[in-house]
Amino acid sequence: MPDMNHNIDRTHGFEPLTVEGALPNALRGTLYRVGPGLVQRFGHEVHPFLADGLITAVEVSSTPKGACEMVRSDRFTEEEAAGKPLYSPEASLPRRVMNGLTGKIKNTGNTNILAWQDKLYALMEQGQPVEFDSENLDTVGTNDLGVIKGSFSAHPHRVPALKTTFNFGIHRKDIIIYALPDSGKIRVLAKVEAPWASLIHDFCVTKKHALFFIDPSKMVLWRAMLGTKDFSKYFYWDKNESSTIIIVPLDAPENQTRIEVDPFRVWHFANAYERGGEIVVDAFRHKNIDVITAPTTADSRIPEPKLFRFTLNPAKGQMKAEQLMELNCEFPIVNPAYIGTVHDTVWMQSYDDRHGTQGITRFDVETTTTRRYF
């Protein structure tokens, strides 16, 4: 795995970039990304999942430029003024207890970006969106978009055929599904009762359904409430439980279907689509939740993910699973134009264990062949 356990050297506005080779004339625009920016702060180190977020931007033009800036939410700036941690596991025990009791969470914005109606938002697992300025990357502020209660997931999915972006959040015991149309206001689409408090990181959407794979990773409530230092121990794997697949019809969300299967975990979905009365889901299957320790350990015994195709039959309450490739990869993506519909290619991040390098792998769904780029 790549080393994520270091801070960004410096932040800066848009500066000229050095280009090796030549940029295609047709490639123009600005790429925005977020990720862990400060894993060491105030003399303490935190798990990368809890690190303060960094926004990066690359402007691809005849004179390419790049910029990077921290996600400066209100609670980040509060810590800066205090000169000490107030909302991280390194805060004092009384402070952590009070944060847990009152639900005060610092939105680090370190995981993903939502682009919606000409605005950009930095997202994380537990908090609400943090809006930032596309021109200078300055933080505008936390925004509940008028309806968000509780958290807002870092993995929204836009279905082009529906001209709508879908996302979910956790509020108390419920999974709240949100619909964000290209035009118009965000709305609550449905509420789903989760079987237990789990680490629900991602989900997938077709033109007709939203799908959640709830595995038996269960929250250790007292650790989460106290904000203990080892984030990897906030959840444990209950091997005596099944995984629950929840299928939610978009046009009749009250008619939900649940399928119980042998336990496994999905961190990231590539895509899902309808096929007759079935739903096809391509995603990376993990044996359990142990990979949560990957950013902070070099333990080679962590089970590696495999690309699987899951075929669901809601009417019969059945699921079939087929492994598609042998390579160990993750972070899958398809062409955004095909989200919610049939795709022929899955792109993913891959690693060359022999040389310690990372790259990109292209998987052809029809021919089941791969091509790797390092």
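Note that the numbering runs from 1 along the sequence shown for the chain.
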**Request:** Flag the pair Asp251 and Lys208 as a salt bridge only when some basic side-chain nitrogen lies within less than 4.0 angstrom of an acidic carboxylate oxygen.
**Result:** no

**Request:** Spell out, yes or no, whether Val205 and Leu312 are grouped together once hydrophobic residues are joined by side-chain heavy atoms under 4.5 Å, including indirect joins.
**Result:** no

**Identified side chain to side chain contact (heavy atoms under 4.5 Å, CB included) counterpart of Arg265 within the set Leu199, Asn288, Ile214** = Leu199

**Message:** Strictly distance-based, threshold 3.5 Å: is any side-chain N or O of Thr77 a donor or acceptor partner for the main-chain N or O of Asp74?
**Reply:** yes

**Distance-only polar pair, side chains of Thr142 and Ser73, donor-acceptor under 3.5 Å** = no

**Message:** Donor-acceptor check, side chain of Thr139 to backbone of Gly141, threshold 3.5 angstrom: yes or no?
**Reply:** no

**Request:** Inspect the contact between Asp174 and Lys191 and indicate whether a charged nitrogen and a carboxylate oxygen are less than 4.0 angstrom apart.
**Result:** no

**Prompt:** Would you call Arg41 and Glu90 a salt bridge, using N to O less than 4.0 angstrom?
**Reply:** no

**Message:** Less than 6.0 angstrom from the centroid, inside 45 degrees of the normal: does Arg223 satisfy that with respect to the ring of Tyr234?
**Reply:** no

**Request:** With side-chain contact (heavy atoms from CB on, under 4.5 Å) as the test, would you mind laying out the steps for Tyr373 and Thr361 before giving the verdict?
**Result:** CA-CA 6 Å; Tyr373 305 85; Thr361 292; over 6 Å; no

**Item:** Main-chain N/O of Glu326 paired to Lys306 side chain as donor or acceptor, under 3.5 Å
**Value:** yes

**Request:** Examine distances only and state if a side-chain atom of Trp116 and a backbone atom of Pro181 form a donor-acceptor pair shorter than 3.5 Å.
**Result:** yes

**Same cluster (ILVMFWY, side-chain, under 4.5 Å), Tyr236 and Trp196** = no

**Message:** Before you tell me yes or no, could you show the steps for Ile246 and Val248 under side-chain contact (heavy atoms from CB on, under 4.5 Å), namely the whole-Å CA-CA distance, both residues' side-chain angles and the distance that decides it to 0.1 Å?
**Reply:** CA-CA 6 Å; Ile246 304 176; Val248 183; 4.0 Å; yes

**Prompt:** Same cluster for Phe49 and Met219 if Ile/Leu/Val/Met/Phe/Trp/Tyr side chains link at under 4.5 Å?
**Reply:** yes

**Item:** Short side-chain to backbone donor-acceptor contact, Thr369 and Thr367, under 3.5 Å
**Value:** no

**Item:** Side-chain touch Met348/Phe331, heavy atoms, less than 4.5 angstrom
**Value:** no

**Asked** Would you say Ser198's side chain and Ser217's backbone share a donor-acceptor pair under 3.5 angstrom?
**Response** yes

**Prompt:** Are any of the side-chain nitrogens in Glu15 or Lys65 under 4.0 Å away from the carboxylate oxygens of its partner?
**Reply:** no

**Ile186 with Ile177, same ILVMFWY side-chain cluster at under 4.5 Å** = no

**Prompt:** Do Phe235 and Ile200 belong together in a cluster built from hydrophobic side chains that touch within less than 4.5 Å?
**Reply:** no

**Prompt:** Given Lys287 and Glu304, is the salt bridge (Lys or Arg N to Asp or Glu O under 4.0 Å) satisfied, shown in steps?
**Reply:** CA-CA 8 Å; Lys287 293 181 180 179; Glu304 297 287 357; over 6 Å; no

**Request:** Scan side-chain atoms only and decide if Glu260 and Thr244 contain a donor-acceptor pair under the 3.5 Å cut-off.
**Result:** yes

**Asked** Any side-chain donor-acceptor pair under 3.5 Å between Asp202 and His157?
**Response** yes

**Item:** Lys/Arg N to Asp/Glu carboxylate O, Glu78 vs Arg95, below 4.0 Å
**Value:** yes

**Message:** Would the distance check show the side chain of Gln126 and the main-chain N or O of Ile105 forming a donor-acceptor pair, the cut-off being under 3.5 Å?
**Reply:** no

**Residues Lys106 and Asp52 bridged, charged N to O under 4.0 Å** = yes

**Message:** Could you check whether any side-chain heavy atom of Pro160 comes within less than 4.5 Å of a side-chain heavy atom of Arg158, counting everything from C-beta outward?
**Reply:** yes

**Item:** Pair Gln349-His268, side-chain donor/acceptor within less than 3.5 Å
**Value:** no

**Prompt:** Counting N and O atoms only, with roles assigned by atom type, does the side chain of Tyr178 sit under 3.5 Å from a partner on the main chain of Phe166, one being a donor and the other an acceptor?
**Reply:** no

**Request:** Quick one: do Glu131 and Leu120 satisfy side-chain contact (heavy atoms from CB on, under 4.5 Å)? Show the steps, please.
**Result:** CA-CA 6 Å; Glu131 184 181 347; Leu120 297 176; over 6 Å; no

**Message:** Using side-chain contact (heavy atoms from CB on, under 4.5 Å), reason through Met70 and Leu38 one step at a time and then give a plain yes or no.
**Reply:** CA-CA 9 Å; Met70 297 301 302; Leu38 297 179; 3.5 Å; yes

**Message:** Using modelled atom types and a 3.5 Å cut-off, is there a donor and acceptor pairing between side-chain atoms of Asn271 and backbone atoms of Val334?
**Reply:** no

**Item:** ring-ring contact (aromatic ring centres under 6.0 Å, His included) between Tyr121 and Phe152, worked out
**Value:** CA-CA 11 Å; Tyr121 303 89; Phe152 192 71; 8.4 Å; no

**Asked** Counting only N and O atoms by type, is there a donor-acceptor contact under 3.5 Å from the side chain of Arg362 to the main-chain atoms of Thr345?
**Response** no

**Mutual orientation of the aromatic rings belonging to Phe168 and Phe203 [parallel < 30°, tilted 30-60°, perpendicular > 60°]** = perpendicular

**Asked** Is the shortest heavy-atom distance from the side chain of Ser243 to the side chain of Pro216 under 4.5 Å?
**Response** yes

**Request:** With ring-ring contact (aromatic ring centres under 6.0 Å, His included) as the test, would you mind laying out the steps for Phe310 and Phe213 before giving the verdict?
**Result:** CA-CA 11 Å; Phe310 303 99; Phe213 285 42; 5.7 Å; yes

**Ring centers of Tyr273, Tyr338 separated by less than 6.0 Å** = no

**Prompt:** Looking at the rings of Phe264 and Phe308, which for Trp means the six-membered one, are their centres under 6.0 Å apart?
**Reply:** no

**Asked** Would Thr206 and Glu274 count as having a side-chain donor-acceptor pair, cut-off 3.5 Å?
**Response** yes

**Asked** Should the pair Asp182-Lys163 be classified as a salt bridge under the 4.0 Å nitrogen-to-oxygen rule?
**Response** no

**Asked** Is it true that the side chains of Asp215 and His286 contain a donor and an acceptor less than 3.5 Å apart?
**Response** no

**Message:** Less than 6.0 angstrom separating the ring centers of His44 and Phe42, yes or no?
**Reply:** no

